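So the structure is just underneath, and the comments pick up after that.
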Amino acid sequence: MISSSSPQPTLFTPFTACIAAYSLPEEFTNPFNEEPHPLSLLAAEELQHHLQTQQDWEHNFGLQPEQEGAVIGKMFGVLVVRNQLQEIGYLSAFSGKLAGGFHHKRFVPPVFDSLTQGSFLNRGMQELSHLNAEIKSLQAQEKLGHQPQIEALKERRKNHSIALQGQLFDQFHFHNKAGKQKSLRQIFRHAANGNPPAGAGECAAPKLLQYAFQNKLEPLALAEFWWGKSPKSAYWKHGQFYPACREKCAPILSHMLEDVVLAAQSH
């Protein structure tokens with residue numbers, strides 16, 4: 001039974017609905033399973049209600065025609081967990097940024113916060129902007145014979161971008177149940193090209209598991225759903241559930257779930 005007065009991690013969310021009739025999964029649900037456990041579906045339903053009623057932030061999911069700005073649908077995730085008091089609740093997360101930021105009430109934090117003021121990433125992006133402006137200015141004067149200088153600046157921009165991406169990857173370290181940590185570079189060392197894809201580590205599933213392991217919460221069931229319209233692909237549909245992505249998440253989750261017994265994947 002969930003006790004609201006029990007000491008809990010801040011982001012451990014007790015179920016609003018009664019869960020007495022639900023059976024707990026005997027093994028952690030496979031994140032690549034397309035059929036979420038009923039308890040994670042209930043957690044997702046409660047999170048969706050929160051998305052529809054919260055007043056803390058604004059994000060244009062494309063669901064309200066009067067909203068202005070770019071439409072950005074978003075992947076959300078819920079992780080049903082058991083705390084050290086044997087209470088059942090869940091954690092919530094979103095992929096990437098939400099409403100322009102990483103930190104919002106109810107949601108787990110990012111594995112690495114790249115938006116910190118004065119961070120290497122902000123300085124690096126400013127340098128890229130400066131190089132882009134120089135290139136654009138010289139291209140406008142191309143008849144004056146600036147092509148060699150333009151090419152040199154483009155090469156400098158390319159090298160700077162690669163170095164900046166690599167430095168960003170080095171900031172992501174993922175825990176597993178046993179407390180073992182691995183960086184993104186280590187995790188993707190034996191992947192197709194040896195480098196993590198852009199955005200790796202920012203998906204909902206790794207964020208949820210990271211918070212759970214760091215706060216001694218036992219993961220029981222995971223579900224991820226798309227919320228809003230997708231301006232890029234008809235594959236993502238509002239309110240539908242999806243398995244964890246294989247390109248970005250499979251190598252990371254393989255490490256994070258190394259000591260976790262997974263339920264058999266259904267077909």
Side-chain angles (χ1 to χ4, degrees), residues 2 6-14 23-33 36-37 39-40 43 75-96 102-103 106-114 166-192 194-197 199-224 243-266:
I2 297 173
S6 303
Q8 302 161 343
T10 306
L11 300 175
F12 177 97
T13 305
S23 61
L24 298 178
E26 295 181 3
E27 299 169 334
F28 182 62
T29 57
N30 196 309
F32 302 103
N33 194 333
H37 186 274
L39 205 50
S40 59
M75 186 69 78
F76 287 85
V78 289
L79 181 65
V80 180
V81 294
R82 177 164 35 215
N83 67 14
Q84 292 183 294
L85 299 175
Q86 301 303 302
E87 298 166 331
I88 306 300
Y90 62 93
L91 304 173
S92 305
F94 50 85
S95 178
F102 287 127
H103 300 276
R106 193 185 181 114
F107 295 99
V108 302
V111 175
F112 170 70
D113 187 350
S114 59
Q167 191 176 359
L168 178 61
F169 287 151
D170 287 339
Q171 309 308 310
F172 283 82
H173 292 82
F174 297 89
H175 296 250
N176 63 16
K177 184 179 178 181
K180 182 180 178 182
Q181 292 189 52
K182 278 190 178 182
S183 69
L184 267 180
R185 284 186 192 268
Q186 289 176 301
I187 289 171
F188 281 89
R189 184 172 294 160
H190 302 295
N195 289 310
E202 296 183 5
C203 295
K207 291 165 70 172
L208 288 164
L209 288 168
Q210 182 89 335
Y211 187 88
F213 291 142
Q214 288 179 329
N215 290 276
K216 295 181 172 55
L217 298 168
E218 179 189 359
L220 300 175
L222 173 73
E224 295 184 88
C245 65
R246 292 193 175 273
E247 180 191 11
K248 296 179 182 179
C249 289
I252 297 172
L253 297 184
S254 177
H255 157 65
M256 299 188 84
L257 298 173
E258 195 173 63
D259 299 309
V260 176
V261 178
L262 298 182
Q265 185 169 352
S266 62

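Computed from a predicted model, the values in this text were never measured in an experiment.
- Counting only residues at least two apart or on different chains, the salt bridge (charged side-chain N to carboxylate O under 4.0 Å, His left out) pairs with a member in residues 167-177 are D170-R185.
- Not one N or O on the side chain of Q210 forms a donor-acceptor pair closer than 3.5 Å with the backbone of M256.
- Scanning all heavy atoms of the two residues, the minimum distance from L11 to P109 falls at CD1-CD, 3.9 Å.
- In this structure, CZ on F112 lies 9.0 Å from CZ on F102, to the nearest 0.5 angstrom.
- Taking each heavy atom of A204 and G77 in turn, the nearest pair found is CB-N, 3.8 Å.
- Put simply, the side chain of L209 reaches to within 4.5 Å of the side chain of P219, judged on heavy atoms.
- Residues N83 and N215 fail the side-chain proximity criterion, which asks for heavy atoms closer than 4.5 Å.
- The CZ atom of F12 sits 10.5 Å away from the CZ atom of R82 when rounded to the nearest 0.5 Å.
- Contact check for L253 versus F32: side-chain heavy atoms found under the 4.5 Å cut-off.
- Taken from SG in C203 to NZ in K207, the straight-line distance is 9.0 Å, to the nearest 0.5 Å.
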Inset, instruction - Before giving the answer on side chain to side chain contact (heavy atoms under 4.5 Å, CB included), spell out for L257 and L262 the whole-Å C-alpha distance, their side-chain angles and the decisive distance to 0.1 Å. - result: CA-CA 8 Å; L257 298 173; L262 298 182; 4.0 Å; yes

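- A donor-acceptor pair is defined here as one N or O able to donate and one able to accept, closer than 3.5 Å; no such pair exists between the side chain of K248 and the backbone of P197.
- Panel note: side chain H37, backbone S23; a donor-acceptor pair is recorded below 3.5 Å.
- Nearest heavy atom pair, residue G201 against residue I252, reads N-CD1, 3.6 Å.
- With hydrogens and angles ignored, the 3.5 Å screen pairs a side-chain donor or acceptor of H255 with a backbone N or O of F174.
- Within the 4.5 Å cutoff, side-chain heavy atoms of H103 are placed close to those of P110.
- Considering all non-hydrogen atoms of both residues, P251 and F188 come closest at CG-CE2, 3.5 Å.
- The shortest heavy-atom contact between V78 and S40 is CG2-O, 3.5 Å.
- Considering all non-hydrogen atoms of both residues, S92 and L208 come closest at C-CD2, 3.6 Å.
- Side-chain atoms of Q171 come within 3.5 Å of backbone atoms of Q167 as a donor-acceptor pair (strictly under, hydrogens ignored).
- Proximity of E218 to V81: side-chain heavy atoms (C-beta onward) are nowhere separated by under 4.5 Å.
- Side-chain contact check for P31 versus C249: every heavy-atom pair is 4.5 Å or farther apart.
- Distance alone, capped at 3.5 Å, places no donor-acceptor pair between the E202 side chain and the G199 backbone.
- In this structure, the side chains of L220 and Y90 stay at 4.5 Å or more apart for every pair of heavy atoms.
- One distance of note links CG of L79 with OG1 of T13; it measures 11.0 Å at 0.5 Å rounding.
- V260 has its side chain within reach of F213: a pair of non-hydrogen atoms, C-beta onward, lies under 4.5 Å apart.
- The aromatic rings of F107 and F76 sit tilted, their planes meeting at an angle between 30° and 60°.
- Within 6.0 Å of CD on E26 lie no more than 12 heavy atoms contributed by other residues, nucleotides or ligands.
- When atom types are taken as modelled, the side chain of N176 and the backbone of A178 share a donor-acceptor pair closer than 3.5 angstrom.
- The CG atom of L217 sits 6.0 Å away from atom CG of L91, with the distance rounded to the nearest 0.5 Å.
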Legend entry - N33 and L222: CA distance, side-chain angles, deciding distance, side chain to side chain contact (heavy atoms under 4.5 Å, CB included) verdict: CA-CA 9 Å; N33 194 333; L222 173 73; over 6 Å; no

